[in-house]
Amino acid sequence: MAKHSLDKDKIKILLLEGVHQSAVDVFERAGYTNIEYHKASLGDEALHESIKDAHFVGIRSRTQLTADVLKRAEKLIAIGCFCIGTNQVDLATAELLGIPVFNAPFSNTRSVAELVLGEIIMLMRGIPERNAIAHRGGWMKTAAGSYEVRGKTLGVIGYGHIGTQLGILAETLGMRVVFFDIEDKLPLGNAQQIHSMEQLLAQSDVVSLHVPETPQTKDMIGTAEFAAMRKGSIFINASRGTVVDIDALTVALKERHLAGAAIDVFPVEPQSNDDEFISPLRGLDNVLLTPHVGGSTAEAQENIGIEVAGKLAKYSDNGSTVSAVNFPEVSLPMHKGTSRLLHIHQNRPGVLIKINKAFSEKGINIAAQYLQTTAEIGYVVMEVDTHQAEEALVELKAIEGTLRTRVLF
Ligand SMILES: NC(=O)c1ccc[n+]([C@@H]2O[C@H](COP(=O)([O-])OP(=O)(O)OC[C@H]3O[C@@H](n4cnc5c(N)ncnc54)[C@H](O)[C@@H]3O)[C@@H](O)[C@H]2O)c1
Ligand SMILES: O=C(O)[C@H](O)COP(=O)(O)O
């Protein structure tokens, strides 16, 4: 088992938002037992208190790791987002502080696609409204406004891991699939790329959003876009709450320009299951409201726990940063018989030369060396004889531009 500059039982792992037990199991199997586990996200003060001595933190989409939080988390080595989205982390600040951020880019995508497919069928049949009326003692038995999905057009906005899977599943039900994406994408099945979002909106019976939260996607669907959609069409958002102008959506639904909607993500979401959900969409019978559960299935959560905890444990044990979203990616073999030094520095000219010169002057032999950079930082990993590791670490810490160093014996 890898030995660290810090004993493993001193390495604190903070897990928030009820990440799956599979993550705890992975950490424990890797020898990390100092785990602080919370079922929900923490309020600002509690978060500051818990993260200030944490070496690793695991979150889901709720916890906001802002620049302020990160700067106060002085011991933080890496962050795990146990989900797809990483917009809740200030990635640029994390990078400049030398903190890699990992996520699970695929594990819950099938779950989202399945949920959306079910919602399409329910909404095309007007089931949410019939269900709500029945719960109030009414009986809305009519074929009016109730349609098969076969032969209808699904417009997917954001044709990535989720959008593509949804497209394939929808085609198996006989739907025609069109998509809009800022990138040219290989259409799967019989899907067709449309290069104008307006044209997609005008020809779709169902529009489903699957874009990430970025400055470009903020409020990308508002009054004008709803007006461009067909009268009586269906709108679905299981991407991020910031992408849709929720007031404009409310108007489009109340005016019955849209026949229905399914919304899983909201501009403001409750911090925990004990807090009230506030939204102008509440009380609309033709809207399916779900509490950000697109990726919340047993299968997805278990796989995410294993994947992200595995990436964090690997970074802790051997320094590998493969698939980090904000960091130079270095793929490292296991090391045996040497010690591994990890050095994260500002990306400025001459750092590697200075390291090599300092080591050569001290007679420290470098058995292996790996370097990757981004525009902002460099990540160099070196292997040296174990008896020289402490001395090498001192030399590394003295290099100008150093952000962080670690040694793995
Ligand atoms: N509701 C949930 O529980 C849940 C679960 C998983 C993911 N999500 C959200 O869904 C999003 C999509 O997930 P994914 O795995 O398919 O991501 P992805 O990165 O595989 O796909 C996103 C696609 O959107 C495209 N895109 C980006 N900006 C765009 C723009 N301005 N206009 C059009 N297309 C644009 C990209 O080119 C890409 O093809 C995630 O970023 C996450 O925010 C939500
Ligand atoms: O980004 C994601 O993967 C989804 O939004 C799911 O987030 P969650 O883990 O908070 O449910």
Side-chain angles (χ1 to χ4, degrees), residues 15-27 37-41 58-63 80-88 102-124 127-128 131 149 154 156-173 175 177 188 206 208-213 234-241 243 261-266 269-275 277 287-312 323 325:
L15 296 178
L16 304 176
E17 301 185 63
V19 303
H20 196 275
Q21 175 65 28
S22 61
V24 176
D25 296 343
V26 167
F27 284 125
Y37 187 90
H38 295 266
K39 278 194 166 163
S41 59
I59 59 169
R60 290 175 60 182
S61 64
R62 183 74 195 82
T63 304
C81 294
F82 286 72
C83 54
I84 292 180
T86 52
N87 51 285
Q88 68 280 37
F102 299 92
N103 70 341
F106 324 110
S107 298
N108 64 18
T109 54
R110 168 74 187 205
S111 302
V112 180
E114 283 190 14
L115 177 68
V116 172
L117 188 72
E119 291 173 336
I120 293 172
I121 298 175
M122 289 293 151
L123 286 161
M124 288 291 284
I127 297 300
N131 172 62
V149 298
L154 166 65
V156 176
I157 299 180
Y159 195 64
H161 295 120
I162 297 173
T164 47
Q165 291 185 75
L166 174 63
I168 290 292
L169 292 172
E171 280 192 355
T172 64
L173 294 171
M175 294 190 83
V177 177
L188 299 186
V206 181
S208 193
L209 289 187
H210 300 288
V211 292
E213 177 177 305
I234 303 290
F235 178 76
I236 298 179
N237 183 20
S239 63
R240 281 290 179 267
V243 178
I263 307 296
D264 187 49
V265 287
F266 303 87
E269 296 178 5
Q271 191 139 332
S272 78
N273 286 357
D274 298 328
D275 297 324
F277 164 62
V287 182
L288 276 169
L289 295 174
T290 48
H292 200 149
V293 288
S296 294
T297 61
E299 294 88 343
Q301 293 307 311
E302 182 174 0
N303 289 335
I304 289 172
I306 294 167
E307 181 177 346
V308 181
K311 288 177 183 177
L312 292 176
S323 92
V325 298

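This structure is a prediction, so every number in the text was calculated from the model and none was measured.
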Margin query: To the nearest 0.5 Å, what is the distance between OH on Tyr37 and CD on Gln21?
Written below: 7.0 Å

Checklist line | Sub-4.5 Å side-chain heavy-atom contact between His38 and Leu15 | finding: no

Item checked: Candidate list Asp264, Ile157, Val265, test side-chain contact (heavy atoms from CB on, under 4.5 Å), partner Asn237, passing option -> Val265

Item checked: Side-chain H-bond candidate by donor/acceptor type, Thr290 with His292, under 3.5 Å -> no

Check: Tell me, do Ile236 and Leu123 make a side-chain contact under 4.5 Å, heavy atoms counted?
Finding: yes

Checklist line | Over 12 non-hydrogen atoms of neighbours within 6.0 angstrom of CG in Asp275 | finding: yes

Notebook entry, point to check: From His210 NE2 over to Thr164 OG1, what is the distance, rounded to the nearest 0.5 angstrom?
Noted result: 10.0 Å

Notebook entry, point to check: With side chains defined as the heavy atoms from C-beta onward, is the minimum distance between Ser208 and Leu166 less than 4.5 Å?
Noted result: yes

Check: What's the spacing between Glu114 CD and Leu169 CG if we round to 0.5 Å?
Finding: 7.0 Å

Checklist line | Heavy-atom closest pair, residues Ser111 and Gly295 | finding: CB-CA, 4.2 Å

Next item on the list: Could you tell me whether the side chain of Val149 reaches within less than 4.5 Å of the side chain of Val206, counting heavy atoms only?
Entry: no

Notebook entry, point to check: Quick one: are Val308 and Val19 in side-chain contact, heavy atoms under 4.5 Å?
Noted result: no

Notebook entry, point to check: If you round to the nearest 0.5 Å, how far is CE of Met175 from CD1 of Ile168?
Noted result: 13.5 Å

Item checked: Where Glu269 and Phe266 come nearest, the two heavy atoms and their spacing -> OE2-N, 3.0 Å

Check: For the atom pair CE (Met124) and CD1 (Ile234), what is the distance rounded to the nearest 0.5 Å?
Finding: 6.5 Å

Next item on the list: Examine distances only and state if a side-chain atom of Glu17 and a backbone atom of Arg62 form a donor-acceptor pair shorter than 3.5 Å.
Entry: yes

Notebook entry, point to check: If you look at every heavy atom in Val177 and Ala170, which pair is closest and at what distance?
Noted result: CG2-CB, 4.2 Å

Notebook entry, point to check: Taking all atoms of both residues into account, what is the closest heavy-atom pair of Glu307 and Asn103, and its distance?
Noted result: OE2-O, 4.0 Å

Item checked: Minimum heavy-atom distance Gln88-Arg60, with the two atoms named -> NE2-O, 2.9 Å

Note to self: Would you say that Leu16 contacts Ser41 through its side chain, given a criterion of any heavy-atom pair below 4.5 Å between the two side chains?
What the structure shows: no

Checklist line | Minimum-distance pair of heavy atoms, taken over all atoms of Ala23 and Phe82 | finding: CB-CE2, 3.6 Å

Margin query: To the closest 0.5 Å, what do you measure between CD1 (Ile304) and OG (Ser22)?
Written below: 9.0 Å

Item checked: side-chain contact (heavy atoms from CB on, under 4.5 Å) between Ile84 and Phe106, intermediate numbers included -> CA-CA 7 Å; Ile84 292 180; Phe106 324 110; over 6 Å; no

Check: Given the rule in the side-chain contact (heavy atoms from CB on, under 4.5 Å) test, do Arg240 and Ser61 qualify, once you have shown the distances and angles that lead to the verdict?
Finding: CA-CA 10 Å; Arg240 281 290 179 267; Ser61 64; 4.0 Å; yes

Notebook entry, point to check: Which one of Glu299, His161, Gln165 satisfies the side-chain contact (heavy atoms from CB on, under 4.5 Å) criterion with Arg110?
Noted result: Gln165

Item checked: side-chain contact (heavy atoms from CB on, under 4.5 Å) between Leu312 and Phe102, worked out -> CA-CA 7 Å; Leu312 292 176; Phe102 299 92; 3.8 Å; yes

